[in-house]
Amino acid sequence: MPVIARVGPYRFFFYSNENDEPPHVHVQRERMLAKFWLEEVSLAESKRFVAHELREMERIVLQRRVEFLEAWHEFFR
């Protein structure tokens with residue numbers, strides 16, 4: 001499970017067996033988890049996060065989208 005960034009309380013990562021899906025990133029804080037698609041940034045799913053945190057995470061994903069996509073493609077080559 002490669003961790004690609006830590007921003008504040010959030011850990012951004014992907015699972016090493018998910019190369020059959022489009023590029024995406026998982027975000028975790030404590031027992032909360034969300035998943036964002038990267039090609040066109042959008043929320044794929046969320047468990048236990050409240051709306052204002054999801055907006056903050058989406059803002060981070062948008063800002064670091066290129067970095068996250070590069071990490072995805074580098075890992076799954």
Side-chain angles (χ1 to χ4, degrees):
M1 170 174 29
V3 175
I4 55 176
R6 291 182 189 273
V7 179
Y10 306 117
R11 180 172 60 107
F12 294 81
F13 66 97
F14 49 84
Y15 293 104
S16 59
N17 64 345
E18 292 187 319
N19 61 326
D20 58 334
E21 290 189 43
H24 62 276
V25 64
H26 296 273
V27 188
Q28 184 175 22
R29 179 174 72 82
E30 299 162 1
R31 300 181 92 177
M32 296 170 258
L33 188 64
K35 176 179 174 180
F36 288 88
W37 300 117
L38 291 173
E39 290 180 343
E40 288 189 34
V41 174
S42 64
L43 178 65
E45 59 187 67
S46 171
K47 294 181 180 135
R48 300 184 188 102
F49 278 112
V50 294
H52 75 275
E53 281 190 287
L54 290 169
R55 287 190 298 273
E56 174 65 14
M57 289 182 291
E58 184 175 34
R59 183 188 64 74
I60 295 166
V61 173
L62 281 165
Q63 286 179 336
R64 301 183 75 169
R65 178 182 172 269
V66 171
E67 172 190 345
F68 291 171
L69 278 168
E70 287 174 355
W72 174 278
H73 291 299
E74 184 176 316
F75 186 82
F76 288 114
R77 279 184 206 190

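Heavy atoms only: backbone and side chains are in, while hydrogens, waters and symmetry mates are out.
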### Task
Might you point out which heavy atoms bring V27 and M57 nearest each other, and give the distance in Å?
CG1-SD, 3.2 Å

#### Entry: Transitive ILVMFWY side-chain link I4 to Y15, under 4.5 Å
no

### Task
Would you name the heavy atoms of R65 and V41 that are closest together and state the gap between them?
CD-CG2, 3.7 Å

### Query
For F76 and W72, what are the C-alpha separation, side-chain angles and deciding distance, and is it a ring-ring contact (aromatic ring centres under 6.0 Å, His included)?
CA-CA 6 Å; F76 288 114; W72 174 278; 4.5 Å; yes

### Query
Can you check whether S42 reaches F36 side chain to side chain, under 4.5 Å on heavy atoms?
no

### Message
Tell me the closest heavy-atom pair linking H24 and W37, and the distance in Å.
### Response
CB-CE3, 3.6 Å

### Query
Under a 4.0 Å N-O cut-off, is there an ion pair linking K35 with E21?
yes

### Query
Are R64 and E67 close enough for a salt bridge, meaning some N to O gap below 4.0 Å?
yes

### Query
Going by an N to O cut-off under 4.0 Å, is there a salt bridge joining R48 and E30?
no

### L33 reachable from L38 in the ILVMFWY side-chain graph, under 4.5 Å edges
no

### Query
Does F13 have R11 sitting over its ring (NZ/CZ under 6.0 Å from centre, angle to axis within 45°)?
yes

## Note on the structure
Correct closest heavy-atom pair for S16 and P2 would be N-CD, 4.2 Å

### Query
Just how far is it from atom CD of Q63 to atom CD of E58, taken to the nearest 0.5 Å?
11.5 Å

### Message
Just so I know, are the side chains of V3 and F12 near enough to count as touching, which here means a heavy-atom distance under 4.5 Å?
### Response
no

### Message
Within the 3.5 Å criterion, strictly below it, is a donor on E53 or Y10 matched to an acceptor on the partner's side chain?
### Response
yes

